[in-house]
Number of protein chains: 2
Amino acid sequence: MTPARSRRPGAPTRTERGIPEATVARLPVYLRALTALSDSGIATASSEDLATAAGVNSAKLRKDLSYLGSYGTRGVGYDVEYLRYQIAREIGVTQDWAVVIVGIGNLGHALANYSGFGTRGFRIVALLDADPSLVGERIGEMVVRDFAELEEIVASDRVSIGVITTPAGPAQEVCDRLVAAGVTSILNFAPVVLSVPDGVDIRKVDLSIELQILAYHEQRKSGEAALPEVPELPATMNGLTDLPSVGGGVGA
Amino acid sequence: MTPARSRRPGAPTRTERGIPEATVARLPVYLRALTALSDSGIATASSEDLATAAGVNSAKLRKDLSYLGSYGTRGVGYDVEYLRYQIAREIGVTQDWAVVIVGIGNLGHALANYSGFGTRGFRIVALLDADPSLVGERIGEMVVRDFAELEEIVASDRVSIGVITTPAGPAQEVCDRLVAAGVTSILNFAPVVLSVPDGVDIRKVDLSIELQILAYHEQRKSGEAALPEVPELPATMNGLTDLPSVGGGVGA
DNA sequence: CCGATTTTGTTCTCACGTTCACAAGCTCCT
DNA sequence: AGGAGCTTGTGAACGTGAGAACAAAATCGG
Ligand SMILES: NC(=O)c1ccc[n+]([C@@H]2O[C@H](COP(=O)([O-])OP(=O)(O)OC[C@H]3O[C@@H](n4cnc5c(N)ncnc54)[C@H](O)[C@@H]3O)[C@@H](O)[C@H]2O)c1
Ligand SMILES: NC(=O)c1ccc[n+]([C@@H]2O[C@H](COP(=O)([O-])OP(=O)(O)OC[C@H]3O[C@@H](n4cnc5c(N)ncnc54)[C@H](O)[C@@H]3O)[C@@H](O)[C@H]2O)c1
């Protein structure tokens with residue numbers, strides 16, 4: 001019989017068949033690469049080929065795939081279709097997930113018009129907005145509906161994923177409504193930190209943050225000699241009201 | 001005098017005043033939290049307060065800030081305005097960075113209409129598209145210009161950041177053009193892995209990947225008993241052409 | 001049938017990131 | 001002036017992630 005294994009120090013703590021978070025974040029990239037190879041009529045690919053297509057190093061790719069099982073063939077590589085199916089199954093996109101989008105402004109419109117979600121395992125079942133002048137507008141096949149209908153829609157369409165594209169102000173309130181209605185995964189575009197109860201997953205997309213990270217590295221490239229002098233902290237910390245205005249604004 | 005320090009084992013390798021990547025990614029969040037506190041009229045905040053506002057743990061926040069210098073006061077906390085300025089300076093958003101957006105479709109329109117960049121250290125100097133029927137269209141204060149004008153614009157406006165919102169197909173080509181024109185930081189929305197030479201930074205935003213990560217966790221929440229059986233690999237790997245179609249599509 | 005060749009799956013080691021815990025330093029009150 | 005009470009800055013421990021390296025397994029040619 002199998003002896004009760006004591007955890008080796010350094011081994012990642014992971015529940016049965018749990019996959020490291022860093023790996024989970026790369027699986028969709030592999031899935032996309034496999035789909036591209038498949039569309040090019042390629043039936044088999046080595047870890048090196050796949051790693052190149054996915055923009056990662058091949059050892060990392062092999063280790064990532066090894067968490068799913070042994071789906072390759074030594075000396076040969078991976079069967080593209082088979083591996084694609086296995087990854088899709090592991091991620092959970094062999095069937096479609098129902099999604100609602102809340103806040104049909106600039107960004108909400110763009111998402112609603114985007115055809116890429118359908119081919120990647122998601123089905124947008126409702127576009128919701130609180131603005132009465134938007135309700136009833138047609139976008140592609142869909143019609144904008146009133147945010148008040150949220151609970152009904154979530155319940156009848158088994159919606160588990162919500163996307164927030166409202167301004168920052170109402171975002172927490174919208175988030176709470178989504179959670180109360182039964183949504184357990186949220187993708188947030190509003191520039192604000194949302195708090196959710198345990199059991200609800202939240203991810204954020206923040207374009208200003210991405211640009212600011214680029215700006216940081218850009219600044220170092222262009223030579224730090226160009227940096228302004230560090231103003232020293234005065235003896236008293238008061239009287240600092242007239243510093244130059246700086247980026248980092250809050251709000252919609 | 002300062003003795004030449006030999007690297008302690010375990011200490012992160014970092015060039016003079018270099019900041020760990022994970023910290024750099026959080027500084028914009030702190031900046032936003034500080035701006036919010038400042039707008040609420042709060043002049044001083046403890047690491048605990050700030051950490052709550054930024055959605056991180058306070059030890060992490062203190063360690064992150066310690067890479068910038070000692071800007072707090074023991075027993076008191078941090079001066080909100082002063083710290084905000086220091087972080088903005090470190091990120092490099094005390095002045096605006098010029099940005100071009102390439103591909104003015106659904107997403108490009110949304111970004112062009114977004115007012116949030118201006119208040120966070122960025123100035124959109126041009127909207128570019130290859131489609132002649134779009135060139136000349138007015139969006140807010142700006143007019144869509146021909147992609148062919150790229151080089152001229154980059155040179156005359158000292159543009160160092162480019163945003164790609166074209167379909168996946170032309171994205172690499174557009175990327176190469178941007179780099180050749182002198183752009184050294186790129187934010188990519190197209191679902192494709194771009195390759196760039198050393199010295200050019202690239203970040204990607206991929207909504208389908210975000211949703212798929214949520215789907216993975218969602219699947220585990222709803223009980224794995226619901227998972228389809230794992231199909232076994234047949235003795236030969238051929239003849240696998242009729243697997244169910246799965247999410248992960250490629251293309252625009 | 002066997003050895004050469006290819007490529008996976010995994011182990012080992014090092015680097016990076018997070019969190020705890022506490023001494024050092026500042027303010028305020030008596 | 002001196003001690004009580006906070007809060008920062010950081011050393012040290014721990015956990016996670018990345019990559020090099022290699023043994024194991026499969027194919028293929030002779
Ligand atoms: N547009 C962009 O390119 C862009 C870029 C980065 C970040 N963002 C962020 O994304 C979010 C949306 O941006 P946008 O430009 O689309 O804004 P927007 O103002 O155009 O649209 C917001 C929509 O949300 C709706 N709304 C407001 N309160 C609501 C509520 N309580 N319930 C339901 N709907 C509500 C409004 O009616 C409006 O239609 C903002 O938080 C913004 O900061 C947008
Ligand atoms: N719209 C969304 O919500 C959304 C969501 C996720 C990802 N994306 C991705 O973002 C990108 C843009 O999406 P979209 O919906 O705005 O697409 P879109 O088709 O509406 O717009 C693309 C624009 O790029 C322009 N273009 C094409 N080739 C070009 C070239 N070589 N040079 C310059 N311009 C060129 C086109 O003329 C068009 O205006 C796509 O890669 C898409 O996969 C979009």
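Values reported hereafter were calculated over all heavy atoms of this structure, with side chains retained and with hydrogens, waters and symmetry mates removed.
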For nucleotides 2-5 of chain C, tabulate all protein N/O to nucleotide N/O atom pairs closer than 3.5 Å, reporting atom names and distance.
none

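- Atom CD of Q86(B) is separated from atom P of dG9(D) by 12 Å (rounded to the nearest Å).
- In this structure, T166(B) contributes its side chain and A190(B) its backbone to no donor-acceptor pair below 3.5 Å.
- For S66(B), whose side chain is taken as the heavy atoms from C-beta onward, the closest listed nucleotide among dG9(C), dT8(D), dT10(D) is dT10(D).
- One N or O on the side chain of K221(B) and one on the backbone of G199(A) form a donor-acceptor pair closer than 3.5 Å.
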Strictly under 4.0 angstrom, non-hydrogen atoms only: write out the protein contact profile of nucleotides 20-30 of chain C, one letter per nucleotide from the 5' end, B, S or -. BB-BBBBS---
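- D79(A) has no carboxylate O lying under 4.0 Å from a charged side-chain N of R84(A), or vice versa, which leaves the two without a salt bridge.
- Side chains of Y82(A) and Q86(A): a donor on one and an acceptor on the other come within 3.5 Å.
- In this structure, L61(A) atom CG and dA18(D) atom C1' are separated by 13 Å, rounded to whole Å.
- Residues T94(B) and R89(B) have side chains that never bring a donor and an acceptor to within less than 3.5 angstrom of each other.
- Between Y78(B) and Y71(B), the ring center distance fails the sub-6.0 Å criterion.
- Taking the screw axis at each terminus of the helix from dC1(C)-dG30(D) to dT30(C)-dA1(D) from five consecutive base pairs, the angle between the two is 0° to within rounding of 10 degrees.
- Residues K60(A) and S46(B) both approach DNA chain D. Their nearest nucleotides, taken by heavy-atom distance, put S46(B) toward the 5′ side.
- Between the CG atom of L68(A) and the C1' atom of dT8(C) there is a distance of 14 Å, rounded to whole Å.
- Residue Y78(B) has a polar side-chain atom (N or O) positioned under 4.0 Å from OP1 or OP2 of dG9(D).
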Take D49(B) and T52(B) through the side-chain hydrogen bond (donor to acceptor under 3.5 Å, both in side chains) test and state the conclusion after the steps. CA-CA 5 Å; D49(B) 299 337; T52(B) 303; 6.0 Å; no
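- The closest donor-acceptor contact from the side chain of S222(A) to the backbone of E218(A) lies under 3.5 Å.
- Put simply, OH on Y67(B) is 11 Å from P on dC16(C), counting in whole angstrom units.
- Atom CD of E21(A) and atom C1' of dT18(C) are 15 Å apart (whole Å).
- At distances below 3.5 Å, not a single donor-acceptor pair connects side-chain atoms of S38(B) with backbone N or O atoms of L34(B).
- The interatomic distance linking D64(A) (CG) with dG9(C) (C1') rounds to 13 Å, in whole Å.
- Taken from CH2 in W97(A) to CD1 in I161(A), the straight-line distance is 6.5 Å, to the nearest 0.5 Å.
- If you take CZ on R203(A) and NE2 on H217(B), they are separated by 7.0 Å, rounding to the nearest 0.5 Å.
- Across the protein-nucleic acid pair, D49(A) atom CG and dT7(C) atom P stand 8 Å apart, rounded to whole Å.
- The phosphate of dT7(D) (OP1 or OP2) has no side-chain N or O of S47(B) nearer than 4.0 angstrom.
- A side-chain N or O of D64(A) and one of T23(A) form a donor-acceptor pair less than 3.5 Å apart.
- A straight line from OH of Y82(A) to P of dT8(C) spans 16 Å, rounded to a whole angstrom.
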